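Data block below; observations after.
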Amino acid sequence: MAELSPKDRLKIPRQHIPEQDPEIRKHNFNEVNLGYTPEMAMLEAQRCIMCKKPLCIAGCPVAVKIPDFIKMIAEGKFREAAAILKEDNALPAVCGRVCPQEEQCEKVCVVGKKGQPVAIGHLERFAADWERQNIGIQIPPMKEKSGKKVAIVGGGPAGLSCAGDLIQMGHDVTVFEALHDIGGVLIYGIPEFRLPKSIVKAEVEGLENSGVKFVKNYIIGLTETIDELLERFDAVFIGVGAGLPYFLGIPGEHLNGVYSANEFLTRVNLMKAYNFPEYDTPMFDVKDKNVVVFGGGNTAMDAVRTALRLGAKRGIIAYRRTEAEMPARIEEIQHAKEEGVEFMLLVAPIELIGDEEGWLKAVKLQKMQLGEPDSSGRRRPVPIDGAIEILPVEVAVVAIGNGSNPIIRQTTPDLKVNKWGNIIVDMDTMKTSKRGVFAGGDIVTGGATVILAMGAGRKAAKAIDQYLRDPDSWDRPKTEQVEVAQESK
Amino acid sequence: MNRIVEARFIGPEIKLFKIEAPKIAEKRKAGQFIIIRVHEGGERIPLTIADSDTSNGTITIIVQGVGKTTKHLNMLNAGDFVQDVVGPLGRPSHIENFGTAVSIGGGVGTAIAYPTAKALKEAGNYVISIIGGRSKEYVILEDEMRKVSDEVYPTTDDGSYGYHGFVTGKLQELIDSGRKIDFILAIGPIPMMAAVANLTKPYGIKTVVSLNPIMVDGTGMCGGCRAVVNDKTVFVCVDGPEFDAHQVNFDILTKRNKMYLVQEKHSLENFMCHYDNLFFSALNEVKEKV
Ligand SMILES: Cc1cc2nc3c(=O)[nH]c(=O)nc-3n(C[C@H](O)[C@H](O)[C@H](O)COP(=O)(O)OP(=O)(O)OC[C@H]3O[C@@H](n4cnc5c(N)ncnc54)[C@H](O)[C@@H]3O)c2cc1C
Ligand code: SF4
Ligand code: FES
């Protein structure tokens, strides 16, 4: 193929990723996006102008060598593209699907200054899928065995990326997971139609093939404490994720039909309640019911779209602010709209109303308007006096975030946490206040993103490797204090 | 997979299991529970650990067959496996030497009260146990309770054994007789626990109950197990399962536990039907062979 000039490259339109028709997909749990064909991927890859100083890399939390892997795709060298991705990102097939690219690499992509940015996420997904489907997930080269043992607590993205790096560095790695399946939010939170479970499973198998051991149904803090782990492992990484879903603190939250998003999604994703009664876990029958979801993040979109797929008559997002403030990925908001999700903006629930028997019947909503900007410059929603609306619903899902899980904190008193219960670490090394113990992911930052959790797992792996090879390095003074970074989140 | 090493019925539809789970056997304290999945695709249900044996690494659970999962479990026998077991979950019972402690178990609740009664005895309490059932067959673990109690009073609703009436009747009798009671632990059906709480409140006797909401993960992740205690939301799996009886909102607990009644009934009927079919096809196979 003749070398294209930058001008020619800019003329190629961004390749739209094929997807299931909204009318069909809203009745099934199959993945919405179908992925690029090799031809589409190569064409899209040619849109990249191969910047000398690529801004996209700086926009990526784990600094994937973006132009390098895109170049390989453009040349049809898909195997090489996947290999480059995996140098920096342990789970590219996952990240290509769930990263908020529009806030990261694609936000700063030079091509996007005038037109639409290079579809970095779709290309990442393509390369990773191609590898998995055509040659199988490749096992990266391993260093010589070090004889050191590391325990990873939690099998979410943070734990998995830490485990993946440490095994390559030659250490013996065991992941302990509380649930009966590995993947954390990737399996119990994010639905099949956005991230097929078979992909997570393949990634976990890849890690198993490289030698990572997995122990399921094992709760650190209860089945075995951190201190006991330290007796049989040389280092411990804690990646237990967020926990304890927040509720609204309004009357009626205990009515039947009111769920946290975690419970709603766990019943459907992990326990496969949509297959009830073939699978045993029941689910409130949302068929032909009105479902409202409070929140504007990915979790809220996942819950409302799941409700539609379960046959809900109406799926409604009720959000306190406007669409511009919604933290969800833009693609998810778009997909939700295409599938018929209704958006009620600038409303806040103030009461859940039930019947005698304790079943939810309606929600009382307070209408809001945007007031003066607050210290962060965001315009705060303020109630409009007397503007109340009653919305009849049988199911309400609360998706307003999570606090921190108390189990590790309660059973490891010498592990320092901040006032929200998040573990305090040195942000460069992910070292905690307890010798030999590192932490990362949502349990440190509060609910964040898959890629940030993975980045933290990686950073920790590097520091753990150093600590294992030179244990005295733990005590060497480090300059910055991290508590500051923590408090300002 | 965890192997069942012993399984026997100790009452109508009430079965005792000893299951291999060495780590849990070693760790568990009175008042804690496990979550079990009987088979792949099964639901996760909480069951209290009634006892443990560290010498052979087993835990004891006692199961009343009421829904699909418990009925399925009750069909298993020694040598069979369950899909998985996780624990020990929840906070252990708060044990101290209160003086005179009364442990009250209603039906299969006796199995849940037993480990805590045992721990209370070991802590030096004078332990009185009241163990109730609909009729004689439903009064379980009497011998075990006798070993860890100074006095044991079985009660039956129909008078077929022991005191004729509810556990609260017997408790009232003890209070009326002027016995000094410092602590009460009551575990059983919600109406029973609510009745005990109502009874003891005017006397100001410290009373603890163990709540049994619907659970999913058991690790504080889903909030499905939430209950209202002292007008605040608690997550029973991590904040409990034991709470001050006088502060529990039993009405909300009762209603929330009915959330899946329709589905559960459906599931059970489906299962029993499937089981009957299996049974008949097995029977036919045997007949054909003969
Ligand atoms: C519904 C939903 C949708 C989301 N969508 C997106 C998205 O589109 N894009 C994005 O970037 N992010 C998304 N997120 C956020 C993202 O999933 C999280 O930030 C990320 O998973 C955090 O990773 P983690 O490894 O820290 O924790 P988790 O993924 O929470 O994993 C922690 C694991 O540890 C286990 N564990 C907990 N306690 C213990 C213990 N004591 N012992 C042993 N194991 C334990 C848990 O069971 C869990 O498996 C979403 C989150 C949710 C809930
Ligand atoms: S910023 Fe955009 S155009 Fe530049 S290298 Fe990155 S992806 Fe390519
Ligand atoms: S069972 Fe899920 S939080 Fe308690």
Side-chain angles (χ1 to χ4, degrees), chain A residues 177-180 185 188-189 215-219 221-225 228 240-247 249 253-267 270-273 275-285 354 356-359 398 402-407 410, chain B residues 2 21 23-24 26-28 32 35 37-45 67-69 72 83-91 214 216-228 233 235 238-239 249 251-256 258-264 266-271 274:
Chain A
E177 167 58 48
L179 292 172
H180 59 257
V185 170
Y188 74 70
V215 180
K216 298 179 220 170
N217 298 299
Y218 207 92
I219 306 185
L222 293 171
T223 320
E224 185 168 355
T225 61
E228 288 164 323
V240 293
L244 295 188
Y246 289 136
F247 283 88
E253 279 189 332
H254 302 281
L255 293 168
N256 289 341
V258 182
Y259 283 102
S260 75
N262 281 5
E263 183 185 358
F264 190 79
L265 291 168
T266 298
R267 280 182 182 271
L270 180 69
M271 306 309 295
K272 312 243 183 305
N275 281 331
F276 182 85
E278 284 83 72
Y279 282 72
D280 294 345
T281 302
M283 182 80 200
F284 183 90
D285 188 2
E356 290 280 287
E357 303 296 314
W359 293 88
V398 183
N402 301 289
S404 61
N405 193 296
I407 293 175
Q410 282 167 357
Chain B
N2 299 64
K23 219 47 201 163
I24 303 176
E26 179 193 314
K27 274 287 159 146
R28 73 101 200 177
Q32 289 185 297
I35 283 197
R37 254 188 346 147
V38 178
H39 63 105
E40 184 68 50
E43 62 180 330
R44 299 167 61 97
I45 60 158
K68 173 187 167 178
T69 301
H72 185 180
Q83 185 67 33
D84 40 52
V85 171
V86 59
L89 300 166
R91 293 172 175 241
I214 295 166
V216 184
D217 58 306
T219 65
M221 179 270 282
C222 77
C225 63
R226 63 195 188 280
V228 178
T233 295
F235 287 10
V238 284
D239 299 326
N249 186 324
D251 182 47
I252 286 179
L253 184 67
T254 309
K255 286 176 178 157
R256 283 187 63 78
K258 289 188 184 145
M259 177 116 183
Y260 298 107
L261 269 191
V262 179
Q263 284 94 332
E264 273 160 15
H266 180 60
S267 173
L268 179 61
E269 280 164 2
N270 220 314
F271 174 65
H274 173 70

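Every chain is numbered from 1 and lettered A, B, ... according to where its sequence line falls, protein lines coming before strand lines. None of these values were measured; they are calculated from a predicted model.
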**Item:** Heavy-atom pair of closest approach, residues A:L244 and B:F235
**Value:** CD2-CD2, 3.2 Å

**Request:** Let me know if A:V398 has heavy atoms under 4.5 Å from chain B in its side chain, its backbone, both or neither.
**Result:** neither

**Item:** Proximity breakdown for B:R44 and chain A, heavy-atom pairs closer than 4.5 Å
**Value:** both

**Asked** Going from CG on A:L222 to CZ on B:R28, what distance comes out if it is rounded to the nearest 0.5 angstrom?
**Response** 14.5 Å

**Request:** Looking only at non-hydrogen atoms, find the nearest pair between A:P245 and B:G223 and report the distance.
**Result:** CG-N, 4.0 Å

**Chi angles and distances behind the side-chain contact (heavy atoms from CB on, under 4.5 Å) call for B:V86, A:H180** = CA-CA 9 Å; B:V86 59; A:H180 59 257; over 6 Å; no

**Fill in**
Highest number of heavy-atom pairs under 4.5 Å with chain B among A:V258, A:L255, A:L265 belongs to A:V258

**Electrostatic pair B:K27-A:E228, nearest N-O below 4.0 angstrom** = yes

**Request:** Please flag which part of A:F264 lies under 4.5 Å from any non-hydrogen atom of chain B: side chain, backbone, both or neither.
**Result:** neither

**Prompt:** Is a side-chain donor or acceptor of A:N256 paired with a backbone partner of B:K255 at a separation under 3.5 angstrom?
**Reply:** yes

**Asked** Going from CG on A:N262 to CE on B:M221, what distance comes out if it is rounded to the nearest 0.5 angstrom?
**Response** 6.0 Å

**Message:** Between A:K216 and B:D84, is the side-chain contact (heavy atoms from CB on, under 4.5 Å) condition met? List the steps.
**Reply:** CA-CA 9 Å; A:K216 298 179 220 170; B:D84 40 52; over 6 Å; no

**Request:** Name the option with the most non-hydrogen atom pairs under 4.5 Å to chain A; the candidates are B:D251, B:V238, B:T219, B:I24.
**Result:** B:T219

**Message:** On a heavy-atom basis, which atom in A:Y259 and which in B:R226 lie closest, and how many Å separate them?
**Reply:** N-NH2, 4.5 Å

**side-chain contact (heavy atoms from CB on, under 4.5 Å) between A:H254 and B:T233, intermediate numbers included** = CA-CA 9 Å; A:H254 302 281; B:T233 295; 3.2 Å; yes

**Request:** Examine whether an atom of B:L89 lies under 4.5 Å from a heavy atom of chain A, and if so say whether it belongs to the side chain, the backbone or both; otherwise answer neither.
**Result:** both

**Request:** Go through the atoms of A:I407 and report whether side chain, backbone, both or neither lie under 4.5 Å from a heavy atom of chain B.
**Result:** side chain

**Item:** Pairs of heavy atoms under 4.5 Å with chain A: top-ranked of B:G90, B:G218, B:G224
**Value:** B:G224

**Prompt:** Between B:V85 and A:N217, which heavy-atom pair has the shortest distance, and what is it?
**Reply:** O-CB, 3.8 Å

**Message:** Between B:A21 and chain A, with a heavy-atom cut-off of 4.5 Å, which part of the residue counts as in contact: side chain, backbone, both or neither?
**Reply:** neither

